[in-house]
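For reference, the structure discussed in these notes is given below.
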Protein chains: 2
Amino acid sequence: MEIMIDIEDSTPLFAQLIEQIKKAVLDDKIKPGTALPSIRQLASDLQLNTKTVAKAYRLLERDSVIQTRGYRGTFVHPDAKANCKVDLNEWVTDKLSGMISTFRESGVTDSEIRIAFANVMNNRSI
Amino acid sequence: MEIMIDIEDSTPLFAQLIEQIKKAVLDDKIKPGTALPSIRQLASDLQLNTKTVAKAYRLLERDSVIQTRGYRGTFVHPDAKANCKVDLNEWVTDKLSGMISTFRESGVTDSEIRIAFANVMNNRSI
DNA sequence: ATTTGTACCGTGTGGTGTAATGGTACAACA
DNA sequence: TGTTGTACCATTACACCACACGGTACAAAT
């Protein structure tokens, strides 16, 4: 697997990793069931911190692109190719976009929207 | 009109102003049609910047609690008492809260929600 | 001439979240 | 024993935004 990380790129390192692994799956360069390099191994190869790689793996597993089998390693998910195409972020963006448009049309200030958002995210009730 | 601003309070100054004017309206201390002090006048009285007072007035007018009549001054809105009770922020908070709960239940990270939100607010289309 | 609301330029402070780094430790596997 | 994913402690640098401030200027009303 050839993975190139560009430190100069403004895209976060963990995001670059996710992109490239997804691309490799879609291009059939790594097939379902295949074992992926361990977190420590990949971090060492790419000169990254283990936590950066762990973060990428964690998100990839949430999206069912990979599977971690306890202490036995990490493998490509059986339905990886299909799950690569499901874009959770796009769904979130669309839903938010619609709601925020409604707010703005009702005269709500961007500043007010931001503050309400921050409050909700922190479970501060009003 | 007796308005007290507490600089020590963590509540933003403009928000304190809004609260107190609304309270004065609800308590019948200032009645619909009455003229309010000018922005410069009130800022001077309360030792505030004119912009801080202007911000409070702008939001109060959006909520139809007051009315600015061009260059003739600012007056209490005819339906001020009723409009004081409409809380736009509460509506925004409720709507956002529901949507964010849905996101979280779907496994979306708080970090991802924040990033998507920032993108939408800045009209950056991914 | 003065006052009105409004709009524009700007500065500075403080809070908050992200990203990435370091180190250490654990239980479960081979 | 060595490796696996994972969890915890922490720090650094960076960026965004809210809030409040200062100054200046304008057209329309009194």
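Letters A, B, ... mirror the listed sequences (proteins, then strands); counts begin at 1.
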A/Pro12 side-chain proximity, nearest of C/dT18, C/dA20, C/dT21: C/dA20
Minimum-distance nucleotide to A/Ile115 side chain [options: D/dA18, C/dT21, D/dC21]: D/dA18
d([atom1], [X]; [atom2], [N]) in whole Å:
X        : N      : atom1 : atom2 : value
A/Ile113 : D/dA18 : CD1   : P     : 11 Å
B/Leu59  : D/dA18 : CG    : C1'   : 13 Å
A/Ile7   : D/dA13 : CD1   : P     : 17 Å
B/Lys55  : D/dC17 : NZ    : C1'   : 11 Å
B/Asn119 : C/dT18 : CG    : P     : 13 Å
A/Asn49  : C/dG23 : CG    : C1'   : 10 Å
B/Leu46  : D/dC21 : CG    : P     : 11 Å
B/Phe117 : D/dC16 : CZ    : C1'   : 12 Å

Has the side chain of A/Gln16 got a donor or acceptor atom that lies under 3.5 Å from a matching backbone atom of A/Asp6? yes
When you check the phosphate oxygens OP1 and OP2 of C/dA19, does a side-chain N or O of A/Thr52 lie under 4.0 Å from one of them? no
Would you tell me if any nitrogen or oxygen in the side chain of B/Asn122 comes within less than 4.0 Å of OP1 or OP2 on D/dC17? yes
Under 4.5 Å between side-chain heavy atoms, counting indirect links through other Ile/Leu/Val/Met/Phe/Trp/Tyr residues: same cluster for A/Val53 and A/Phe75 or not? no
Does a donor on one side chain sit under 3.5 Å from an acceptor on the other, for B/Gln41 and B/Ser38? no
Calculate, to the nearest 0.5 Å, the distance between atoms [atom1] and [atom2] belonging to [X] and [Y] respectively.
X        : Y       : atom1 : atom2 : result
B/Thr50  : B/Ile39 : OG1   : CD1   : 7.5 Å
B/Thr109 : A/Arg58 : OG1   : CZ    : 7.5 Å
B/Ile66  : B/Thr34 : CD1   : OG1   : 12.5 Å

Does anything in residues 98-110 of chain B come within less than 4.0 Å of DNA chain D? Heavy atoms only, and list the residues if so. none
Can you establish whether the number of heavy atoms outside B/Lys81 located under 6.0 Å from its atom NZ is more than 12? yes
What are the atom names and distances for every N/O pair under 3.5 Å that joins the protein to nucleotides 5-12 of chain D?
| unit_1 | atom_1 | unit_2 | atom_2 | d |
| --- | --- | --- | --- | --- |
| D/dG5 | OP1 | A/Thr74 | OG1 | 2.9 |
| D/dG5 | OP2 | A/Ile39 | N | 3.1 |
| D/dG5 | O4' | A/Gly70 | O | 3.3 |
| D/dG5 | N7 | A/Arg40 | NH1 | 3.0 |
| D/dG5 | O6 | A/Arg40 | NH2 | 3.0 |
| D/dT6 | OP1 | A/Thr68 | OG1 | 3.4 |
| D/dC8 | N4 | A/Lys51 | NZ | 2.5 |
| D/dC9 | N4 | A/Lys51 | NZ | 3.0 |

Aromatic ring pairing A/Phe117/B/Phe117, orientation class (parallel under 30°, perpendicular over 60°, tilted between): parallel
For residues B/Val86 and B/Asp63, determine if any side-chain heavy atom of one lies less than 4.5 Å from a side-chain heavy atom of the other. no
